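Numbers restart at 1 for each chain; the letters A, B, ... are given by sequence-line order, proteins then strands. Computed from a predicted structure; not experimentally measured.
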Amino acid sequence: MTKVLGRSELESWLGEIMRERTLVAPRRIDDLVLFTPVQSVDEIAFDFDNTNLSPKEFFFPRTETLFTTVYKDGEVELTPAVIDRETVIFGIRPCDARGIAICDGPYLGDPPDSLWAQHREKTTLIGLACTRPAPQCFCSSMGSAPNDSSNVDILLTEVEDGYAVEVITEKGENLLQGVELKDSDVKPVAPSCDASVPADGIVEAVKKSFDDIYWSRLADRCIHCNICAYVCPTCYCFDIRDYKRGDVIERIRTWESCQSKGFTRIAGGYDPRADKGSRLRQRFCHKLLYFPEQFGPLGCVGCGRCVVACPVNIDIREIISDIQETGAKVGQGSN
Amino acid sequence: MSRIGVFICHCGTNIGGVVNVPEVVEAARHMPLVVFADENKYTCSEVGQASIRNAIAEHKLDRVVIASCSPRMHENTFRRTVAAAGINPYLLEMANIREHCSWVHSDSRDATSKAIDLVRMAVSKVARHEALFPRQIGLTKRALIIGGGVTGIQAALDIAAAGHEVVLVEKEPSIGGRMAQLDKTFPTLDCSACILTPKMVDVAQHPNITLLSYSEVVDVRGFVGNFEVDILRKAKMVDYDKCTGCGLCWQACPEKIPSEFNLGLGYRTAIYIPFAQAVPNKPVIDIANCRYENYRRWKETEQGPEPPQCRICEGVCPTEAIDRTQRDEIITEKFGAIIVTTGFKTFDHSVYGEYGSGKYPDVISSLQLERLMSAAGPTEGEVLRPSDGAHPRSVVFIQCVGSRDDKVNRPYCSKVCCMYTAKHAIMLKEHDPDVQCYVFYIDIRAGGKDFEEFARRAQDETGALYLRGRVSQIYQKDGKLVVLGEDSLMGRPVEITADLVVLATGMEASENAAEVAQKLNISYNAYNFLIEAHPKLRPVETQTDGIFIAGAAVGPRDIPDCVAHGSAAAVKAVALLSQDSLTTDPLTSVVDPMKCVGCFACREVCPFNAVEEQTTRDGRIIASINESVCKGCGLCVVACRPGAINLRGFTNQQLLSEVLTLVGR
Amino acid sequence: MSADNGPRIIGFLCNWCSYAGADMAGTSRISYPSNIRIIRVPCSGRVDPMIIVKCFQEGADAVLVAGCHPGDCHYNEGNYYSRRHFALLRELLDFMGIDKERFRVEWVSASEGKRFSQIVSRFTEDMKKMGSREAV
Amino acid sequence: METEYTKQIRDKARELLENGTVECVIGYETGTDGINARPAFIYDPADVERLVFDNTCSHNLVKYLLNMKGKPTAVVVKGCDSRALNLLLAEKQLQRDNIYVIGVVCPGVVEWGWNKQSDKLQKRCVLCRQHTPLIHDILLGEPVTEEPPPDFTDVAEMEAMSSEERAAFWQEQVERCIRCYACRQACPGCYCIDCFVEQLDPEWVGIRIAPGENLMWNTIRAFHLAGRCVACNECERVCPVNIPLSLLNRKLEQEVLDLFDYRPGMSEDAIAPLITFKKDEKLGIGE
C-alpha cells in the first residue's frame, strides 16, 4: 500500500505550513531555480531538475551573525545568535539532503557548531524524489539514489494522481499531523541514475596522484573563482570577520572557498598553497581523500552542480576517472 | 592601544557662544580610545598650550585632537605644541568647530551635535595617524640661469656675489639680449649699451660665473637641490683659448649675411660677433653660411657645381684659432637651483595687412628704429630711411601693434610701447629739429616713476602730434607713405603723408619659451609666458621647487622691472643654495611593493614626476615615490586600482574611518 | 549622523580652495544648514570614487565634492582628473538608482565663501525635498 | 570555415611547439558535454589534435597569459580578446615578444551553457564592433572591413526607467550575488595582486554576502573597468546567478565613448581616459 497526497491537498498542506513556519521551496527567478522562502504556493516550482544553488544555505547561510557584543561604560555584553523560527524545506532532492547529512560530520562533531545544530533542529525536510535524473547527475555513484529517503523527514515521489508519501522521521510525522492521505496501490517508479563514475577505490587513487603533474595541468584552465564551492551542497568552509560600528561589534561568518587567494594566506603574507595546482588539488583531495578519511563518506553527493556551473568545465566526473588512470600510472608524470 | 586626548576650545565666545562645549567634552570622553577630554578658553594662548602639554604628560597621551579653529589657522602652532610635549607632531588632528560650525550655525543644538560629529571624526582619524619624520636631502650649491639678457645677467651677478657658482646659458653667440639692441632707455635717456656692457663684462670676468654662450638646455632631470641638466654646446669652429678677439677674421670674411642683431638693416659676415661690445668678444662661424663649410658639405656628396673653398679667416688668424674639427657637444652639469630668464621677442607686424604686411621698406618696427638710432648701428646713429637712405622729416608712429588686439590673439598690453614711442619722438627731434612726429594711440599708459612727465615732454616740448585713433590703411604714393587714420577725439578722418612709419610692436614670449618650460615641467599661459607659483605672493617661484622665473619671460616688463625680478629670483635661489640640506615634507605618497602591479598609472597622473621605477628582488618592475619631489596631492592614490599607494596624513584608512563615524549601520 | 535631523550630507573639500572657501564662509559669518559634515582632503583629485560609493552604501543621503576651479588647482592638474572620474561616477551611480542630484561636484575658490554657503544651502534644501535614502 | 580554422590552428600549434617557438599553446578543446568548447593548454605536439575552433569558443584566453610568467606562449585570440591583449600590453602586464598571437576573425559565439546546444549568438557578438583581431602574428579568416555603429539600446532602456525603478532593479539583481568573484577571475582587466574587495586594511567592502556589500562590490568592479573594459563579456557569461553585468559595463562604455571619445584596447600604447585629461573639456561637472 502506498500513501498518496493529491496535488491540491499538497498545496493546501503547504499553505498550512506557511502560516506558523518559514517555508522554503524551489522558485523560478528568470531562468534560474533557487530555494527561497515563499509566501504563497503558486511561487513554488514543482517541475525542475534541481536548483542552481544547493539548499545548504538554510543551514549554513552565505552570511550569518555568530554573536554581537556591546561596550557600555567599561562593560562588555555578549549576545549569541539564536535561531528560533521553525523552517520547512520543500522539494529538497535526495542528493542535497545527503549533502546536509554529510556536513553534520564536521559541524556536529565535538564540539558541535551551535548554529548548525540549531538550524538542523528547527528545520524539517520534505524531499522530492527525482523522476528523471539530469545529464550531470551521478548520485548513484556517490552512495545515494534519486529516491534515497535516508536523509529527509518526508519523501514525496510524483505519481499520476499526486505524490506518493513516505514518512521517515517523527519530525515528518508531526508535520503531517491531520493531513488526509489516500491509500493507493500505485508503485512509485524507482528511477535510476545510471551516469556512472568509477568512484570505487578513488581514495587510494587520489592519494597516489598527489604529486602528479596532472593537478597543475588541470589548474592551467581553472580561474579560481568560488563557484564550485558555493554551489556545492557539501562545501562548508567559512571566513570570520568582526563588524565594528561605534560601540557595537558583530561577529559574522560568510562562505569562503579554498580556491580564493586569501584562503590559506597567513600572517606575514606567506601562502603555503599559492600555486594554482595545489590550490585546485585541495578541492578534490578534500572531497575524495581527506573527508572520507576523517568522516567516512566521500565529500561529494553527485548533484553535478559544479559540473554545470564551472565556467571552464572543470568536471569532477572526468577528474575521478582520470585519477583512476593516473593513479594507476603514478610516477610517470612528475612535478 | 593608543591614548587619545581631546581638547575643545571655547575661543572666547566664538565657539562657546553657540556650541555647548561641556556637552562636547562629555561626549568626547566616551569616544573609543579617548582617555582624556578637557576644554580651554583659548587653546592657542600660552595658557591653553601649556594645559595641553601638561595633560599629555599627566595622562600619558600619545595622540591629540584639538577642536577649535580651522587647521589652516593653527595646525602648525599645535604641532609645535604637542612636539614640545614629546609627541610626534603628526599625531595631531584638528576638528574645525569654529569656521565650519559655530560661525555658520546659529542653532545651538544643531551646532553642538555637529561639533560632536566633527570631534568623533577627528578622533577616529587620529587613531590611524602614524608618526612621521621629515627627511634631509643634500643639494648642489650651484645655480643654472637660462637666458643671458639683462634679467639673467643681474641674477647671475647677484648669486655670484653671494658666493655661489653660477652657470649662465645663452643660445646666441653673445649675452646682452634685447637690451643690447636698444639705443637709449626711457625715461632717463641714458645709453643702453653704456649701462649694460659693464655688467656683461662683469659676467665674463666674475670667478663664480661660467658663461656658456652659443649653448642651449636640451634636457632637465632630477628635483630641487639636485637637478641634472644636459646642455648643448653648439660648435663655434673657433678655439676660444687661442682667439684674442682681434677681429681680423670677421673683417676679412667675404660672405655677407643680413644681420639678425640689426634686424635685417645692414649685414654681418659668416664668422662674426653679433655686435661690437659682444661678450664673449670672440667670433663664431655661422656654419650654414660659411663658404668653406658649404664646400665641406658639398664634398660629402659631390653633387652640383663645386663651391669655392675660401678659408680666408684661417689665413688671416694670427693665433690659428679657427678649429674646423669642432662639433656640437652635449655636456651634463649638476645644479641646485634653476632660474629661467628666456626673455621676449617683438611681435611680427607683417600679419597686419593695413600696415603693408612688412612689404614697404619704410614701415619699420620700433626695434629697427632703435638700431637706426644707435651709434653702433648700421647707419652709425644717423636715422636714414631704409628705402632710399633719405632723412625722414615726417614720421608716423602707430601704437599697440600686436598689443591689446584680439584680432591677432594678443589681448594683453605690452606695457613699454607708449614709453619707448615717447622716447623715439624725443630722440628724433634731437637727431633732427625739423622732424614732425605723429603718434596714433588708443590711450597712453604712463604708469611709472617719471613716466607721465616723460610722455608729456614728448608732446609739449617736441611737438609730437598725438592722435587718438587707429590707422586704417597705409599705402605708397610717389616715394612717400600715405597713412589713413582717424582722430577719434575730433571725430574726423586724418590723412598724413609720411617719410617713415614706425610700428610700436609689442612683446611676445621668445620662440623656445614653451619648449624650455616643458623640459623643466613648469607651466606657461596661452601666450607662452611662464606662470608664477602665485601672481602676487610668489612672483618669481614656480610650482616646481628650485625652479624660478624672472624678467620678460613671465610677462611684458621694462628694464628696471626685469632687473628687480632678476635680483628677486637670485635671492630665492641663494636662500635655497645657502642651506646645507633640504627638509622634505613627510606628508607624501608611499608605495606598498607587495601590492604594486607595475602598471604605472601613477606615473601618468603625477604632476611632479615623482614616480620612479624600482626592481624588486623577484625581478618585478614596480613604482616608487621620490619623496623629495612628491607634493602630497594624492592623485596617484586614486589612480592606483590595486591600492598599492597610500597618502600619508590622508590615508584610505583615515578617510574611510571618518566616513564610517558619520554613516553606517 | 547623530541627533541632527534632515539629510545626511558628506562633503569632501580640497584643502587649498574649497576648504578655505568654507573657512571664508565662517569668517564672514555666512550661515548655512548644519547637515553637512566636511572631510578635508589635499585635492579633489585625492577623492577616490570608491569612497563616494562607500558613503552611499553606508547610507549617506548626499555627497559633495568641492575643489579648485579648473586651472587653479594647487597641484596644477588634480581637478582635471577628478572632473573625469566624477563625470563618469555620477552617470554610473544614477544608472544604478542613486539619483545624480545626490552626488554633486562643485568648484569653489578660497574667496567664494558666499558661494560655498549658497551651494550647501541649495543642496540641503533639494535633499530635504528628495527625502532620505536607506543604507542598502 | 570553423573546421578550416581548427585545421589551421592545429598545424600552427604543431609547428610552434615542434620548432620550440613556444612552450605552450592556449586554445580550445571540446568539453565534457561534447558540445561546448573549453580552454586547452597544449604542451606536446602530439596533443594538438585536441584543439578545435567553433562557435562555442567563448572564453577570453588572454586572461591566462597573466599566469604564464613570461614563458613563450601562443594563444588563440578573437577580435574582442585582442582588445584585452592590447589593454594588458598598454598596462605593462605582458611582453609582446614572448607571445605568439593566433588571430581568428570571429564569426561570433553562441550562448553558452553546459550541455546546452544553442545557435543563438551571444548579445555581445550581436553588438560586436571588432570581429577582426587588432593584433596577431598569424590571422585566420578574412578581415571584416565593415563594422556596425555602436548600439546602446539596452542601456537606453534602463535609463528610461525612473531612478527608483533602477534602484529596485539592481537591488534585486545583487541580492542574488554570492560573491564568488567569477566575474573578476574571468576578466582580463582584473589582475590586482590584492583586489580592493578582499583587502582587510583598508576594508572597502565588508565580507558580508549581503545587498549593501554586494552592490558596492559590483559598482566598484564596474568602475575599475571604466575606460578599460573591452566588452568580451566573460564576466556576465560566467556569473552563476545571471546578474546582467554587461549593462553596467556598457553604460560606462557608452559614457567613455561620449565623454572622452575613447574605445579601450584599440592599441597597445593607448592611455586610458581616467589617467589623462583635456584642460578645456566640458563634462557637465561643476559647470
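Classification of the C:H74-C:W16 ring pair by plane angle, with boundaries at 30° and 60°, yields parallel.
For the set C:I98, C:V108, C:L92, C:I51, the count of heavy-atom pairs under 4.5 angstrom toward chain D peaks at C:L92. Most heavy-atom pairs under 4.5 Å with chain C, from the set D:V205, D:L259, D:L248: that is D:L248. Interface summary for chain D: among C:H85, C:E106, C:H69, the most heavy-atom pairs under 4.5 angstrom belong to C:H85. When each of C:P49, C:P70, C:S82 is checked for heavy-atom pairs under 4.5 Å with chain D, C:P49 comes out on top. Here D:F260 is the residue among D:F196, D:F260, D:F169 with the most heavy-atom pairs under 4.5 Å with chain C. Note: C:M96 leads C:K54, C:R90, C:M96 in heavy-atom pairs under 4.5 Å with chain D. When each of C:V105, C:L93, C:L89, C:L88 is scored by its heavy-atom pairs under 4.5 Å with chain D, the top score falls to C:L88. Ranked by heavy-atom pairs under 4.5 Å with chain C, the first of D:V174, D:L274, D:L247, D:D280 is D:L274. Looking only at heavy-atom pairs under 4.5 Å with chain C, the residue among D:T276, D:I275, D:V256 that has the most is D:T276.
Residue D:P273 touches chain C through both its backbone and its side chain, counting heavy-atom pairs closer than 4.5 Å. Heavy atoms of D:I220 lying under 4.5 Å from chain C belong exclusively to its side chain. For chain C, the nearby parts of D:E281 are the backbone and the side chain; heavy atoms of each come within less than 4.5 Å. Heavy atoms of C:R104 lying under 4.5 Å from chain D are absent altogether. Looking at C:I119, there are no atoms closer than 4.5 Å to chain D (heavy atoms on both sides), in backbone or side chain.
D:E255 has a carboxylate O that lies under 4.0 Å from a charged side-chain N of D:K251, or vice versa, which qualifies the two as a salt bridge. Residues C:K100 and C:E91 are paired through a salt bridge, judged by an N-O separation under 4.0 Å between the basic side chain and the carboxylate. Looking at C:D94 and D:R166, a side-chain N of the basic residue comes within less than 4.0 Å of a carboxylate O on the acidic one, giving a salt bridge. Under 4.0 Å is where a charged nitrogen must lie from a carboxylate oxygen, and between C:R122 and C:E125 no such pair does. D:R129 has no carboxylate O lying under 4.0 Å from a charged side-chain N of D:E253, or vice versa, which leaves the two without a salt bridge. At a threshold of 4.0 Å, the pair C:R102-C:D99 does not count as salt-bridged, since none of the basic side-chain nitrogens sits closer than that to a carboxylate oxygen.
With no hydrogens or angles considered, a side-chain donor-acceptor pair links D:R179 and D:Y181 at under 3.5 Å.
Within a 6.0 Å radius of NZ in D:K92, more than 12 heavy atoms belonging to other residues, nucleotides or ligands are found.
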